[in-house]
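For reference, the structure is listed below as structure tokens.
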Amino acid sequence: MNKANMLVTVGRVMLALYFLLPGVMKFVSWEMHVALMAKHNMPAIEPLLAVAGTLQILAAIALLANRYTYIVSLGLALMVVVINLCLHDFWNFSGIEAAHEMQNFVKNLGILAGLLVLAGHSHNSKTILASK
């Protein structure tokens, strides 16, 4: 494995862990996540939370296995955009809460960038649906 491929592999695994751990925690700390979503006036909280947690776990497993990397990366990128707009709505807060939400919003832009780079790399190096 050359250095570039090693760096992509390390980045892919790190992104997978970034989604795996929060996906699991959505179920472990269910009530905390329900309260967070309620604070942001989310509709259908419990079904959305279950779907989000399940998608994060399954997507992370796919990334760890280096399977369907292109499609999974784009799906997670879309999820990050939705989460940013719905749960890190800093424009609806003030003071320290606004600063905290803005920090998470900007951090997620970095995660979004990493997912897009990974999707682009996997699309260029393998077949779209079964990058391995």
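- L36 and M42 are members of different hydrophobic clusters when ILVMFWY side chains are connected at heavy-atom separations under 4.5 Å.
- Between Q56 and L20, the closest side-chain pair of non-hydrogen atoms is not below 4.5 Å.
- Two residues are said to be in side-chain contact when any heavy atoms from C-beta on lie closer than 4.5 Å; L74 and L115 fail this criterion.
- When each of F90, F93, W91 is checked for a ring pair (Phe, Tyr, Trp, His ring centres under 6.0 Å) with H40, only F93 meets the rule.
- For the atom pair CG (L78) and CD1 (I83), the distance works out to 10.0 Å, reported to the nearest 0.5 Å.
- Hydrophobic clustering, with ILVMFWY side chains joined whenever heavy atoms are under 4.5 angstrom apart, keeps L21 apart from L112.
- Within a 6.0 Å radius of CE in M79, more than 12 heavy atoms belonging to other residues, nucleotides or ligands are found.
- Residues V80 and F19 have side chains in contact (heavy-atom distance under 4.5 Å, counting atoms from C-beta outward).
- For V8, the side-chain contact (heavy atoms from CB on, under 4.5 Å) partners at least two apart in sequence or on another chain are L118, H121.
- M32 and W30 fall into different hydrophobic clusters, defined by Ile, Leu, Val, Met, Phe, Trp and Tyr side-chain heavy atoms under 4.5 Å apart, directly or through other members.
- Interatomic distance, CG of L63 versus CG of L17, reported as 10.0 Å (0.5 Å rounding).
- The same ILVMFWY cluster, assembled from side-chain heavy atoms under 4.5 Å apart, contains both V81 and L48.
- Counting side-chain heavy-atom gaps under 4.5 Å among Ile, Leu, Val, Met, Phe, Trp and Tyr, L58 is found in no cluster with other residues.
- Through side-chain heavy atoms spaced under 4.5 Å, either directly or across other Ile, Leu, Val, Met, Phe, Trp or Tyr residues, L55 is tied to V51.
- Residue I96 places its CD1 atom among 12 or fewer non-hydrogen atoms of other residues, nucleotides or ligands, all under 6.0 Å distant.
- Pairing each heavy atom of A77 with each of L116, the nearest pair is CB-CD2, 4.1 Å.
- In this structure, T9 OG1 and N66 CG are separated by 6.5 Å, a value rounded to the nearest 0.5 Å.
- Shortest non-hydrogen contact noted between H88 and E101 is ND1-OE1, 2.8 Å.
- A single hydrophobic cluster is not seen to contain both L7 and V117; linkage of ILVMFWY side chains at heavy-atom distances under 4.5 Å, directly or through other members, places them apart.
- No more than 12 heavy atoms of other residues, nucleotides or ligands sit less than 6.0 Å from atom CE of M14.
- Between S73 and A119 the shortest heavy-atom distance is CB-CB, 3.8 Å.
- Counting heavy atoms from C-beta outward, D89 and F105 have side chains that stay 4.5 Å or more apart.
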Inset, instruction - With side-chain contact (heavy atoms from CB on, under 4.5 Å) as the test, would you mind laying out the steps for K39 and E97 before giving the verdict? - result: CA-CA 12 Å; K39 180 178 178 180; E97 280 186 294; 2.4 Å; yes

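- Atom CG of L87 and atom CE of M37 lie 6.0 Å apart (nearest 0.5 Å).
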